[in-house]
Amino acid sequence: MGVAVGLFDWFTRKPTAGPPTYGTRRYQYPTGNLELAIRLEHGGEDLMAVLAQVREQWKPGNEHLWDEYDPESLVDPEERRRHTVNQLLYSRITVSRALRAAGRDVRGRDPFEFVGEVPEIMAGLRARFPEALGRE
């Protein structure tokens with residue numbers, strides 16, 4: 001009976017969720033600091049609410065909050081790419097997604113703590129942002 005039940009469960013199981021799908025929404029601001037300023041000046045939003053939201057989204061360990069975005073929008077066009085903070089966030093999102101695709105959930109932790117698990121991603125980031133090497 002146990003084998004039959006086991007087979008029945010196997011045949012009727014729901015497919016497991018595949019890797020997460022990421023959005024293609026573009027980040028519309030040059031940086032987080034400018035997002036804060038623009039939203040306050042033009043949108044008239046509450047300072048504390050906007051500040052909390054922007055800080056949370058840019059904080060290491062919260063890269064999953066960017067799932068609806070295409071991280072390329074952080075570094076494209078060139079004007080945005082020049083901002084070190086954008087390169088850093090782009091890199092953290094890229095590493096976080098690679099880790100998640102490999103089955104490693106690092107939510108709440110800085111994905112750079114796990115760079116040894118994705119050396120090919122790190123090599124690509126070093127090649128993409130060579131000017132960032134050696135920055136303190």
Side-chain angles (χ1 to χ4, degrees):
M1 182 89 171
V3 174
V5 171
L7 284 174
F8 181 79
D9 289 344
W10 184 79
F11 281 122
T12 60
R13 77 183 190 281
K14 293 181 180 170
T16 58
T21 55
Y22 300 112
T24 57
R25 185 173 169 199
R26 293 191 55 81
Y27 184 66
Q28 61 187 353
Y29 303 100
T31 66
N33 288 338
L34 290 174
E35 174 185 359
L36 179 67
I38 291 167
R39 286 176 62 185
L40 291 176
E41 184 176 324
H42 297 292
E45 297 180 57
D46 177 66
L47 170 63
M48 298 313 287
V50 174
L51 185 60
Q53 190 267 323
V54 170
R55 278 185 178 164
E56 193 70 13
Q57 190 163 356
W58 286 72
K59 182 178 169 186
N62 288 340
E63 289 74 20
H64 62 280
L65 298 177
W66 290 83
D67 284 354
E68 66 184 289
Y69 289 95
D70 173 7
E72 291 297 323
S73 64
L74 286 163
V75 293
D76 181 41
E78 181 63 30
E79 181 263 329
R80 289 185 187 175
R81 186 186 181 284
R82 287 184 287 125
H83 296 286
T84 304
V85 66
N86 290 3
Q87 293 177 17
L88 180 60
L89 182 56
Y90 172 90
S91 299
R92 286 192 347 243
I93 292 169
T94 302
V95 169
S96 178
R97 289 181 179 181
L99 289 165
R100 208 179 325 172
R104 184 81 134 111
D105 184 8
V106 297
R107 286 184 191 193
R109 300 194 54 195
D110 187 341
F112 286 164
E113 294 175 32
F114 306 93
V115 295
E117 297 179 30
V118 288
E120 67 287 348
I121 298 298
M122 291 307 297
L125 291 171
R126 284 185 194 98
R128 183 158 192 183
F129 304 118
E131 68 279 7
L133 295 176
R135 287 187 183 167
E136 299 291 321

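Bear in mind that the values here come from a model prediction, so they are computed numbers and not experimental data.
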Original post:
Is there a side-chain contact between Arg128 and Val75 (heavy atoms, below 4.5 Å)?
Top reply: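 Side-chain contact under 4.5 Å: yes.
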Considering all heavy atoms, the nearest [X]-[Y] contact:
X: Arg97; Y: Trp66; answer: NH2-O, 2.9 Å
X: Arg81; Y: Gln87; answer: O-NE2, 2.7 Å
X: Asn86; Y: Pro30; answer: ND2-O, 2.6 Å

Should we say atom CG of Asn33 is surrounded by more than 12 heavy atoms from elsewhere, each under 6.0 Å from it?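 It does not: Asn33 CG has 12 such atoms or fewer within range.
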For the atom pair [atom1] ([X]) and [atom2] ([Y]), what is the distance rounded to the nearest 0.5 Å?
X: Glu63; Y: Arg109; atom1: CD; atom2: CZ; result: 12.0 Å
X: Leu125; Y: Glu120; atom1: CG; atom2: CD; result: 10.5 Å
X: Glu35; Y: Tyr27; atom1: CD; atom2: OH; result: 3.5 Å
X: Arg25; Y: Asp70; atom1: CZ; atom2: CG; result: 12.0 Å
X: Asp67; Y: Ser96; atom1: CG; atom2: OG; result: 7.5 Å

Ignoring hydrogens and angles, write down the donor-acceptor pairs under 3.5 Å from the side chains of residues 47-56, residues two or more places apart or on other chains.
| from | atom 1 | to | atom 2 | distance (Å) |
| --- | --- | --- | --- | --- |
| Gln53 | OE1 | Arg39 | NH1 | 2.4 |
| Gln53 | NE2 | Gln57 | OE1 | 2.7 |
| Glu56 | OE2 | Asn62 | ND2 | 3.1 |

Grouping I, L, V, M, F, W and Y whenever their side-chain heavy atoms are under 4.5 Å apart, do Val106 and Tyr22 come out in a common cluster?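 No, Val106 and Tyr22 fall in different hydrophobic clusters.
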May I ask you to establish whether Arg80 and Tyr90 are in a cation-pi arrangement, using a distance under 6.0 Å from NZ or CZ to the six-membered ring centre and at most 45° from the ring axis?
no
